[in-house]
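The structure under discussion appears below in the form of structure tokens.
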2 protein chains.
Amino acid sequence: MTTRTSTSAAAGTTASASERLVEATRELLWERGYVGTSPKAIQQAAGAGQGSMYHHFTGKPDLALAAIRRTADELRAGAERVLGGPGSAYARIEAYLLRERDVLRGCPVGRLTMDPDVVVSDELRAPVDETLHWLRGRLAGIVQEGLDDGEFEGPLSAEEIASTVVATVQGGYVLARASGSPAAFDTAVRGLLALLSARTRH
Amino acid sequence: MTTRTSTSAAAGTTASASERLVEATRELLWERGYVGTSPKAIQQAAGAGQGSMYHHFTGKPDLALAAIRRTADELRAGAERVLGGPGSAYARIEAYLLRERDVLRGCPVGRLTMDPDVVVSDELRAPVDETLHWLRGRLAGIVQEGLDDGEFEGPLSAEEIASTVVATVQGGYVLARASGSPAAFDTAVRGLLALLSARTRH
DNA sequence: GTCTATACGCGGATAGAC
DNA sequence: GTCTATCCGCGTATAGAC
């Protein structure tokens, strides 16, 4: 929102302090969650002082909200790039599931649902809910296309399949992080794809 | 491990202090995670003083380990009660998925994978990993039975399907907590069941 | 076994100078 | 806009008395 909105990822020197604070917060929220992230840690990561942080934001919740909103926006944009691409319904869902991911880091949005202070706050939870809700709807639309085109063999509920797809991804992260290896994520995804392709006319 | 191991759930007056501390820790870890749980909060919930806690345990990680181990054991026992029951392979998997759950509280074991201090510690992560690993193996065995009996139509990988089942459950919690309602969990589970039953000979 | 005292830095800010 | 000072309770123990 300030001059020179250079989209530099790192908390380098070219971005404004407010910008660096938001980016640092995004990173820390992803890594350690809301409860595990302190203002001091944010300031250090951003290379900003207390005064700076409290000048731009009213406090930790305010800054976290800005960070969560941006992360949510990015997630939607990234998913749309895959889901809005070319190909059959199955192909797009497969592309979404097989997309490159930083599996061991988990989902920067989904992980927030395990944060007690986030779930309890309607403001902080809202962007999380909206994002997952949007994703389910977007996938449901694609499944419905597949159903309408006769690509998928019914009876199948588009809403249900869409939720299963999102849940498998979110749960895949849990399995991967538990074992310390991305393999479990891939295994879960392949299982879902096997089940889904069995109902697909190729 | 002390006299009178009364299995009273609440941190009532009959259990030993060490027992109450473990139970209180289990509850808090479930509710707020490891990072969000302080020794002081545990002591208050357990009705025990500092001295008592540090007499029985060397510190927060030690107490958390005892709590996590017990929760992991209980989860396995509970799952086994359903999975070891009677019925076809599909019926047992369905029973596991439709089992009554405190959906909005999430999985007391899976949620720990989002705790930065837990994932980083091999000791604390081990029981989490073992539990999820056991669960996947147990389900894979059942799927394999179904495959061998011709109940499920192959080709299907038992390991993959098992991972998808566990991932859907874990991800279902994420969806439910994001929306603040258990409905999303149920929707995801129904989607998986629909996909699975389509490959089942009834 | 449990209690009380003490410690020291962090969490999460507010106030006012520059 | 940013810096430094100051605040107060919490997080996470340790020490020693009872």
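In what follows, chains are A, B, ... by sequence order, proteins preceding strands, each numbered from 1.
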Could you give me the CA-CA distance, side-chain angles and deciding distance for B:Arg70 and B:Asp73, then say whether salt bridge (Lys or Arg N to Asp or Glu O under 4.0 Å) is met?
-> CA-CA 5 Å; B:Arg70 183 177 298 180; B:Asp73 287 348; over 6 Å; no
Atom CZ of A:Arg101 with >12 non-hydrogen neighbours under 6.0 angstrom | yes
Under-4.0 Å side-chain N/O to phosphate OP1/OP2 contact, A:His55 with D:dC3 | no
Determine, for A:Tyr34 and A:Arg26, whether the Lys NZ or Arg CZ falls below 6.0 Å from the six-membered ring centre while staying within 45 degrees of the axis.
-> no
The helix from C:dG1-D:dC18 to C:dC18-D:dG1: angle between terminal helix axes, five bp per end, to the nearest 10 degrees, reads 0°
Protein-nucleotide distance (A:Lys40, atom NZ; C:dC8, atom C1'), rounded to Å | 12 Å
Any side-chain donor paired with an acceptor under 3.5 Å for A:Arg76 and A:Thr131?
-> yes
Is the backbone of A:Phe152 close enough, under 3.5 Å, to the side chain of A:Arg199 for a donor and an acceptor to pair up by distance?
-> no
With a cut-off of under 6.0 Å to the ring centre and 45° to the axis, is A:Arg111 in cation-pi contact with A:Trp30?
-> no
For the residue pair B:Tyr173 and B:Phe185, categorise the inter-ring angle as parallel (less than 30°), tilted (30 to 60°) or perpendicular (more than 60°).
-> tilted
Where at least one partner belongs to residues 78-89 of chain A, residue pairs that pass salt bridge (Lys or Arg N to Asp or Glu O under 4.0 Å), sequence neighbours excluded = A:Glu80-A:Arg138
Using a cut-off of under 3.5 Å, enumerate the N/O to N/O pairs linking the protein to nucleotides 13-18 of chain C.
unit_1 : atom_1 : unit_2  : atom_2 : d
C:dA13 : OP2    : A:Lys60 : N      : 3.1
C:dA13 : O5'    : A:Tyr54 : OH     : 3.0
C:dA13 : N6     : A:Gln50 : NE2    : 2.8

